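One structure is given here, and the rest of the page talks about it.
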Amino acid sequence: MIPLERQKAIFNLIQQHDVMSIQELCKIFDVSYMTIWRDINLLEKEGKAISVSGGVKAAERLPFEPSHEVKEGLMSDEKEAIAAIACEHIPQNACVYLDAGTTVLALAKQLAPRNDLTIITNDLVITNYLVKHSEAELIIAGGRVRKENNSTIGTITAKALNNFIVDIAFISASSWNLRGISTPDENKVPVKEAVANISRKRYLITDSSKYGKVGTYIALPIETFDAIFTDQKLPKTAVQALKNLGITLHQG
């Protein structure tokens, strides 16, 4: 069996069984541990699978994004730790974009005492918090409102963002892997693309629970990002793979 055929067969098996051990796959295909490991790495780079301790599992499809209220209560300690690390990488007098999301909201709360920043955001919750608690210059990117996660989306928002030059963009993701960040909502794609185009530095900020999940639409390739800010629970295989891609990783 040639490698491509074997990789397709492995993919079919993990779709059927969800998780397969490397030892099981070695027996099924009568090949070495390293051969199966290379196959798994390729499947992971294609966003079809995620390696786990001693094996591989199917990538979890994200049919829809949870509401803001649901996400805010998840992994709150990790989000605060990620935000604390991210704060250290914002220089004085910077123009910063804060993407919609609860990990970014944690960052916004830690940035609130700073009055030297210009902050651009499409997140209505972040906007409301900073209006009440920050003296930073605040700009909201207008557009169609997605009520489920309190953000503006679509081409109108993307066009509004094209009027700015941003020093640092903190871009969120509800699903990501070695291929990139993805979303089940196509209207989020033009916003993230616009932010990437107008920013000097692009940072992915997301907790590790989102890793290995996939949405229908690729928003940005993983190589877009200058660095990734996440927590200590990111799988070791993902940590090594990101280092191999030359992407700086900061873990709070």
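Predicted model only: the values in this text are computed from it and were never measured.
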Q: Mark yes when over 12 heavy atoms from residues, nucleotides or ligands other than Ile156 sit less than 6.0 Å from its CD1; otherwise mark no.
A: no
Q) Less than 4.0 Å between a side-chain N and a carboxylate O, is that true for Lys233 and Glu78? A) yes
Q: Indicate yes or no for a side-chain donor-acceptor contact from Thr121 to the backbone of Thr127 under 3.5 Å, with no hydrogens or angles considered.
A: no
Q | Exercise: do Thr103 and Thr206 side chains pair donor with acceptor under 3.5 Å | A | no
Q) Are Leu25 and Phe11 in one and the same hydrophobic cluster, where Ile, Leu, Val, Met, Phe, Trp and Tyr link if side-chain heavy atoms are under 4.5 Å apart? A) yes
Q) What's the shortest heavy-atom distance between Ser172 and Leu204, and which atoms? A) C-CD1, 4.2 Å
Q: Tell me whether the guanidinium CZ or amine NZ of Lys188 lies under 6.0 angstrom from the six-membered ring centre of Tyr217 and within 45° of its axis.
A: no
Q.
Under a plain distance cut-off of 3.5 Å, with no hydrogens placed, do Gln16 and Asn12 share a side-chain donor-acceptor pair?
A. no
Q: Please say which of Asp231, Leu234, Asp77 ends up in a side chain to side chain contact (heavy atoms under 4.5 Å, CB included) with Asp207.
A: Asp231
Q: Indicate yes or no: does Lys201 engage Asp226 in a salt bridge with an N to O separation below 4.0 Å.
A: no
Q. Side chains of Thr237 and Gln240: do they bring a donor and an acceptor to under 3.5 Å?
A. no
Q | Worked verdict on Val195 versus Val166 for side chain to side chain contact (heavy atoms under 4.5 Å, CB included) | A | CA-CA 8 Å; Val195 170; Val166 173; over 6 Å; no
**Q.** Tyr203-His250 aromatic ring centre distance below 6.0 Å
**A.** no
Q. Taking it one step at a time, do Asn122 and Tyr97 satisfy side-chain hydrogen bond (donor to acceptor under 3.5 Å, both in side chains)?
A. CA-CA 9 Å; Asn122 71 324; Tyr97 175 80; 2.9 Å; yes
Q. Does the distance from a Lys or Arg side-chain N to an Asp or Glu carboxylate O, for Lys192 and Asp99, drop under 4.0 Å?
A. yes
Q: Specify the closest pair of heavy atoms between Cys26 and Ile36, including all atoms of both residues, with the distance to one decimal.
A: SG-CG1, 3.8 Å
(Q) Between the side chains of Lys57 and Asp18, is the shortest nitrogen-to-carboxylate-oxygen separation below 4.0 Å, so that they form an ion pair? (A) no
Q) Without hydrogens or angle criteria, can the side chains of Lys213 and Ser174 be said to hold a donor-acceptor pair below 3.5 Å? A) no
Q. Step by step, would you call Leu161 with Ile120 a side chain to side chain contact (heavy atoms under 4.5 Å, CB included)?
A. CA-CA 9 Å; Leu161 287 167; Ile120 304 170; 4.0 Å; yes
Q) Should we count CZ of Arg114 as having more than 12 external heavy atoms under 6.0 Å? A) yes
Q: Determine, stepwise, if the pair Leu111 / Ser134 fulfils side chain to side chain contact (heavy atoms under 4.5 Å, CB included).
A: CA-CA 8 Å; Leu111 292 178; Ser134 175; over 6 Å; no
Q.
Taking Tyr211 as the starting point, is it possible to reach Val19 by hopping between hydrophobic residues whose side chains are less than 4.5 Å apart?
A. no
Q: Give a yes or no answer on whether the side chain of Thr157 reaches the backbone of Ile153 with a donor-acceptor pair at less than 3.5 Å.
A: yes
Q. What's the verdict on side chain to side chain contact (heavy atoms under 4.5 Å, CB included) for Phe229 and Leu107, showing C-alpha distance, side-chain angles and the deciding distance?
A. CA-CA 11 Å; Phe229 291 82; Leu107 174 59; over 6 Å; no
Q) Looking only at atom types and distance, does a side-chain atom of Ser32 sit under 3.5 Å from a main-chain N or O of Thr35, one as donor and one as acceptor? A) yes
Q) Between Asn177 and Lys45, is any pair of side-chain heavy atoms under 4.5 Å apart? A) no
Q | Atom CD of Glu135: over 12 foreign heavy atoms under 6.0 Å | A | no
